[in-house]
Protein chains: 2
Amino acid sequence: MSTTEYRDAAGRRLVDYPRPSVAVDTAVLAPDPDRGLLVLLVRRDSATRTDAWALPGTFLHEGETLADAVLRSLDQKAGLRGQAPRQLHVFDDPRRDDRGWVLSVAHVVLLPTAAVTPVAEDRPDDVQLRPVAEAVGLPFDHDDIVGMAVARVRAAYAERPDPERLMPEAFTLRDLRRLHEAVAGHRLQPDVFRRQVKDQLVSTGEATRGSVGRPAELFRHSPSTG
Amino acid sequence: MSTTEYRDAAGRRLVDYPRPSVAVDTAVLAPDPDRGLLVLLVRRDSATRTDAWALPGTFLHEGETLADAVLRSLDQKAGLRGQAPRQLHVFDDPRRDDRGWVLSVAHVVLLPTAAVTPVAEDRPDDVQLRPVAEAVGLPFDHDDIVGMAVARVRAAYAERPDPERLMPEAFTLRDLRRLHEAVAGHRLQPDVFRRQVKDQLVSTGEATRGSVGRPAELFRHSPSTG
DNA sequence: CAAATAGTGTCTCTTAGACAGTATTTG
DNA sequence: CAAATACTGTCTAAGAGACACTATTTG
């Protein structure tokens with residue numbers, strides 16, 4: 001691992017320092033039109049089936065980035081292929097884990113409900129989706145992580161339309177608004193919402209067909225906004 | 001350190017995982033009325049006196065929090081007693097440090113220029129203050145850290161008056177505005193600034209005396225805002 | 001035509017920003 | 001009094017939010 005010899009002011013080599021284990025814990029959030037923001041929980045110990053639900057996490061492996069560890073844990077524990085995990089905060093209380101000295105880097109991932117719900121329904125003993133307001137009393141610092149994750153996602157969605165690109169290629173403003181309502185946790189006025197986001201999107205020139213009511217214009221995300 | 005035996009799904013004990021060294025690197029920022037935001041740099045290797053300046057940092061010691069490590073490094077390398085360090089980001093590229101596997105947790109600390117300048121003047125060979133715009137070409141990810149630190153502090157000061165409480169107990173709006181101008185890096189209109197911040201402060205009822213011009217009302221930070 | 005949904009015109013209220021004025025001190 | 005600084009009145013432009021209206025479809 002380490003090839004270059006290095007000594008600090010006290011004459012200790014880099015490898016001589018005790019090193020912490022590093023874990024990642026992830027709040028996977030899914031916006032649901034009916035129930036608002038949902039958070040994915042996994043059973044802490046699938047062998048004993050204790051009734052202890054927690055955020056999915058894992059230990060960082062050698063040569064791995066934090067984002068890779070997050071994606072690996074979501075794949076293993078919930079069969080999910082996540083998008084780009086975002087760092088939230090490092091929890092560093094030396095006594096936060098009685099198994100030893102463990103730092104945890106909290107992350108947030110936002111996924112379409114359609115990608116998460118089937119997994120939870122397939123493996124109800126191991127995976128659960130719960131509205132964020134009801135996800136309390138979790139172990140470690142997981143309540144705090146959920147709170148930070150919700151705040152981060154809500155702030156991002158209040159700034160601009162669907163920054164995590166959960167919508168399909170083309171979409172109506174109605175569907176986009178439903179997504180934003182699920183994230184925000186409350187209704188948004190259709191006309192106000194329209195004026196806020198319209199200039200930040202690109203019209204496809206197409207419109208919906210076959211639905212009741214006047215057809216709706218279809219929009220795409222603007223390429224520049226990322 | 002670890003007392004409870006713990007095995008993961010692969011049967012490996014917690015302590016069997018290879019663990020990274022964890023470092024902290026800190027952008028100490030000081031608002032200067034003339035030169036804008038200054039960042040504190042220290043000489044990387046004070047023995048060889050190579051011309052390599054970098055942000056102060058250190059390795060996390062056992063049983064220590066990240067914030068404690070930041071304060072320790074600032075005390076040792078610059079003789080500073082810092083305030084509350086804020087976490088910015090974890091840099092986790094496994095190959096970012098050729099000495100080995102090192103994660104770095106970037107932090108930002110804001111200090112009054114009066115606390116930092118004397119140190120830099122006393123030990124010019126080891127400590128330097130440089131305007132943030134001129135602090136480029138630093139080693140590791142330190143350019144990114146400075147950028148994140150500046151963005152974080154500017155966003156906080158644009159939101160509300162002196163969130164880091166750098167001002168003394170009682171202060172005039174003129175002095176508060178000078179601080180905000182140093183953080184923002186540009187002039188602010190006195191009358192607009194006054195109306196923006198006045199309601200978020202508490203008047204002491206006192207006023208300045210002996211200065212030329214009309215005496216200025218003295219304000220205090222409001223206790224509620226933290 | 002009724003019902004449903006999409007989209008617009010317009011009014012009010014608030015706020016940022018700019019400018020010019022008044023107020024109160026020193027020298 | 002002149003100069004300097006503190007503070008306020010007021011105008012304009014822009015935007016959020018609310019409401020009512022028009023537009024276009026299905027059944």
Side-chain angles (χ1 to χ4, degrees), chain A residues 31 33-34 154-163 167-222 225, chain B residues 31 33-34 154-163 167-222 225:
Chain A
D34 296 323
R154 286 191 173 152
Y157 272 74
E159 280 253 325
R160 57 185 184 286
D162 189 24
M167 297 300 289
E169 179 67 12
F171 50 85
T172 64
L173 292 188
R174 176 195 178 82
D175 288 341
L176 180 66
R177 176 168 50 83
R178 283 192 191 285
L179 169 63
H180 276 252
E181 287 175 343
V183 169
H186 57 81
R187 289 314 191 90
L188 301 170
Q189 274 189 216
D191 54 351
V192 172
F193 181 78
R194 179 186 192 82
R195 271 185 264 253
Q196 281 170 345
V197 304
K198 198 184 166 189
D199 291 348
Q200 305 174 61
L201 300 171
V202 182
S203 170
T204 64
E206 311 267 305
T208 53
R209 300 196 326 192
S211 63
V212 63
R214 172 171 170 175
E217 194 175 356
L218 286 167
F219 291 86
R220 254 197 273 278
H221 278 298
S222 99
T225 318
Chain B
D34 296 323
R154 285 190 173 152
Y157 272 73
E159 281 255 324
R160 56 187 185 286
D162 189 23
M167 297 300 290
E169 178 66 13
F171 50 84
T172 64
L173 294 188
R174 176 196 179 81
D175 288 341
L176 179 67
R177 176 169 50 84
R178 283 191 192 284
L179 169 63
H180 276 251
E181 288 174 342
V183 169
H186 57 80
R187 288 312 190 93
L188 302 170
Q189 274 190 215
D191 54 352
V192 172
F193 181 77
R194 179 186 193 82
R195 271 185 264 252
Q196 281 170 345
V197 303
K198 197 183 167 189
D199 291 347
Q200 306 175 59
L201 300 171
V202 182
S203 171
T204 63
E206 311 267 305
T208 53
R209 300 197 324 195
S211 63
V212 62
R214 175 172 168 173
E217 195 175 355
L218 285 167
F219 291 86
R220 255 195 274 276
H221 279 298
S222 100
T225 318

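Quick note on labels: first sequence line is chain A, next is B, and so on, each numbered from 1. Since we're looking at a predicted model, the values are computed, not measured.
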Item to check | Those residues that, when tested against A:E159, pass salt bridge (charged side-chain N to carboxylate O under 4.0 Å, His left out) (two or more places apart) | outcome: none
Item to check | For the student: nearest non-hydrogen atoms of A:A182 and A:P31, plus distance | outcome: CB-CB, 3.7 Å
Next on the checklist: To the closest 0.5 Å, what do you measure between CE (B:M167) and OG1 (B:T172)?
Outcome noted: 6.5 Å
Checklist entry - If you take all heavy atoms of B:P215 and B:A207, which pair is closest and at what distance? => result CB-CB, 4.2 Å
Next on the checklist: Any side-chain to backbone donor/acceptor pair from A:R154 onto A:V183? Under 3.5 Å, distance only.
Outcome noted: yes
Item to check | Partner residues of B:F219 under the ring pair (Phe, Tyr, Trp, His ring centres under 6.0 Å) criterion, sequence neighbours left out | outcome: none
Checklist entry - Please, which pairs that meet side-chain hydrogen bond (donor to acceptor under 3.5 Å, both in side chains) have at least one residue in residues 176-192 of chain B, sequence neighbours excluded? => result B:R177-B:E181, B:Q189-B:D191
Checklist entry - What does nucleotides 12-22 of chain D look like as a protein-contact string, B for base, S for sugar-phosphate only, - for none, at under 4.0 angstrom between heavy atoms? => result -----BBB---
Next on the checklist: Taking only side-chain N and O atoms of B:K198, does any of them lie within less than 4.0 angstrom of OP1 or OP2 on D:dT8?
Outcome noted: yes
Checklist outcome for this item: Taking every heavy atom of B:L176 against every heavy atom of B:P161, the minimum-distance pair comes out as CD2-CB, 3.9 Å
Next on the checklist: Applying ring-ring contact (aromatic ring centres under 6.0 Å, His included) as the test, list every pair that has at least one member in residues 198-217 of chain B; sequence neighbours left out.
Outcome noted: none
Item to check | Pairs involving residues 203-216 of chain B, ordered by first then second residue, that meet side-chain hydrogen bond (donor to acceptor under 3.5 Å, both in side chains) (sequence neighbours left out) | outcome: B:S203-B:E217
Next on the checklist: What is the first contacted nucleotide of DNA chain C and what is the last, in 5' to 3' order, if contact means an atom lying under 4.0 angstrom from a heavy atom of chain A?
Outcome noted: C:dA4 to C:dT10
Checklist outcome for this item: Whole-Å distance, B:F193 CZ to D:dC7 C1', equals 15 Å
Item to check | Close side-chain approach of B:V202 and B:H221, heavy atoms under 4.5 Å | outcome: no
Checklist entry - What residues form a salt bridge (charged side-chain N to carboxylate O under 4.0 Å, His left out) with B:R174, not counting sequence neighbours? => result none
Checklist outcome for this item: B:L173 CG to D:dT5 C1', in whole Å, measures 13 Å
Checklist outcome for this item: When rounded to the nearest 0.5 Å, the distance separating CG of B:D162 from CG of B:D175 is 11.5 Å
Checklist outcome for this item: The correct set of residues in residues 174-185 of chain A placing a heavy atom under 4.0 Å from DNA chain C is A:R174
Checklist entry - Which parts of residues 202-212 of chain B get close to DNA chain C, meaning a heavy atom less than 4.0 angstrom away? => result B:S211, B:V212
